[in-house]
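Working notes for the structure below.
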Amino acid sequence: MTGRPLEVLVVDDSAVVREGMAMILGKAAGLSLRAAPDPVIARRKIAAARPDVIVLDLEMPREDGLTFLRELMATDPIPVVICSSHSPRGSRAALEALREGAVEVVEKPRLGVREFVHESATLLLDAIHAAAGARLVAPLARMAGAPARPRPSAPDGARSRAIIALAASTGGPQALLQVLGGLPAEVPGIVVVQHMPAGFTAAFARSLDDVCRVEVREAANGDPVVDGRVLIAPGGQHLTVRRDAAGYAVDIAPGPLVSRHRPSADVLFRSVASVAAEGAVGVIMTGMGDDGAQGLGAMRAAGAATLAQDEASCVVFGMPRAAIALGAVDEVLPLGALADGMLRRARLMTPR
């Protein structure tokens, strides 16, 4: 794509949304924009000139976006960014689209084109560039069977003596399913930043909870970090870890974008470095950009074990690459070995 604009096709039945996308993307250097009101017309435009990235609505009258996505992934895979509402129906459909091969999800504007402020434009453009550089993988099959109930759980009020912090972006939902799905119930408390818009992380956490032996939930302010539980940072909020007399707990708060993201991996990792030091494991996974590199470096400097996903198994190698280049990583592992690597490192930890 060097030397020519990035070709982007927006497929959305809303003229208001198409106008909003044109307003934002038309001003971005290095992008060329086309639009289609539905998948039927989109197919004609793809046949005439194949785009580099498709920005796809999921709810359209003539044909739904999920059906179009499945056909596209089966016949002529093109990187797809989902533009979806964060309603319960919209978030479920967006997660299904990620399982079917879409590489990013952004929130659909709710109040018309004038509500696309600078921050929204930043996130949309980052999603498109991440998709353009993504390594497309086959749609991820659902993990067979739900875990047996009841799960083992920590006694009420018991806190983890150690902590595992994970961060991911593009390709992260599928990667986290594989890593968290490979863990036994008896693990130190885990905190996760996955770059995802507000309104989508609760459904994402529930989808993981359905198939993992560990408990997975969207984090709420003040939640304790307990063994056998995974806390997912809410979209649109930063998550930090603090320590009190009982152990570790999380704080959830708004704030500006940090390293172009909210939630930010750097914010999470720096907080873990300050309170857990050698009693922590940090893991940086697939994603575009450098969010998490500085924070993981702070964890390693504090004595924590640090891991990175390897290039061959990443959808986008940006975040791990940046952390490795900074000297923030102890060990680089393929996706399929990260769960075992985390457990091995956790067994060697010396909590404060």
Side-chain angles (χ1 to χ4, degrees), residues 1 4-37 42 51-59 65 78-87 90-91 94 97-98 102-134 168-173 193-201 233-238 254-267 287-292 315-316 318-319 322:
M1 290 177 284
R4 67 171 178 83
L6 195 67
E7 299 286 342
V8 179
L9 176 63
V10 175
V11 185
D12 197 301
D13 65 308
S14 167
V16 171
V17 171
R18 296 196 303 273
E19 180 185 347
M21 295 288 187
M23 182 179 71
I24 291 174
L25 301 180
K27 295 178 181 178
L31 294 186
S32 175
L33 181 69
R34 292 181 294 155
D52 298 305
V53 177
I54 295 173
V55 178
L56 178 65
D57 183 23
L58 291 176
E59 298 181 25
I78 296 171
V80 172
V81 173
I82 298 300
C83 183
S84 173
S85 72
H86 74 270
S87 66
S91 58
L98 289 172
V103 294
E104 284 279 9
V105 57
V106 296
E107 185 179 356
K108 183 185 286 287
R110 283 175 275 175
L111 298 174
V113 299
R114 308 246 187 315
E115 297 302 314
F116 259 129
V117 296
H118 173 72
E119 183 178 292
S120 299
T122 297
L123 297 174
L124 174 61
L125 288 167
D126 282 354
I128 288 170
H129 284 290
S169 187
T170 309
V193 160
Q194 163 64 51
H195 296 156
M196 192 174 278
F200 293 86
T201 43
Q237 303 280 311
H238 289 303
L257 299 181
V258 175
S259 303
R260 302 177 71 88
H261 293 285
R262 186 181 58 243
S264 164
D266 275 324
V267 170
M288 180 181 169
D290 62 0
D291 185 31
V315 171
V316 178
M319 286 166 52

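The basis for the numbers below is simple: all heavy atoms, side chains too, and nothing from hydrogens, waters or symmetry mates.
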Non-neighbouring partners of Ser84 that pass side chain to side chain donor-acceptor pair (under 3.5 Å), sequence neighbours left out: none
Only counting residues at least two apart or in another chain, list the ones meeting side-chain contact (heavy atoms from CB on, under 4.5 Å) with Ala42. Leu9, Val11, Ala36, Phe68
His129 and Leu31, any side-chain heavy atoms less than 4.5 Å apart: yes
Under 4.5 Å between any side-chain heavy atoms of Leu98 and Met196, yes or no? yes
When Ile82 is tested against each of Val55, Ile54, Leu58 for side chain to side chain contact (heavy atoms under 4.5 Å, CB included), which residue passes? Leu58
Residue list, salt bridge (charged side-chain N to carboxylate O under 4.0 Å, His left out) with Asp266, at least two apart or on another chain: none
Going through the checks in order, is the side chain to side chain contact (heavy atoms under 4.5 Å, CB included) test met by Leu25 and Leu124? CA-CA 9 Å; Leu25 301 180; Leu124 174 61; 4.0 Å; yes
Sequence neighbours left out, what passes salt bridge (charged side-chain N to carboxylate O under 4.0 Å, His left out) with Arg260? Give chain and number order. Asp126
Under the side-chain contact (heavy atoms from CB on, under 4.5 Å) test, residues paired with Ala322 that sit two or more places apart: Asp290, Ala293
Validation row: Val106, Cys83 side chains within 4.5 angstrom (heavy atoms): yes
I want to check something: taking the side chain as every heavy atom from C-beta on, are Asp57 and Val17 in contact at a cut-off of under 4.5 Å? no
Contact check, side chains of Val316 and Ser169, non-hydrogen atoms, under 4.5 Å: no
What pair of heavy atoms forms the shortest contact from Val53 to Ile128, and how long is it? CG2-O, 3.7 Å
Determine whether a donor-acceptor pair (N or O, by modelled atom type, separation under 3.5 Å) exists between the side chain of Arg262 and the backbone of Pro254. no
Taking only residues two or more places apart in sequence or in another chain, which ones pass side-chain contact (heavy atoms from CB on, under 4.5 Å) with Pro234? Thr201, Glu218, Ala219, Gln237, Ile252
Residues in side-chain contact (heavy atoms from CB on, under 4.5 Å) with Ala233, at least two apart? Val193, Leu239, Pro263
ring-ring contact (aromatic ring centres under 6.0 Å, His included) partners of His261, counting only residues at least two apart: His195
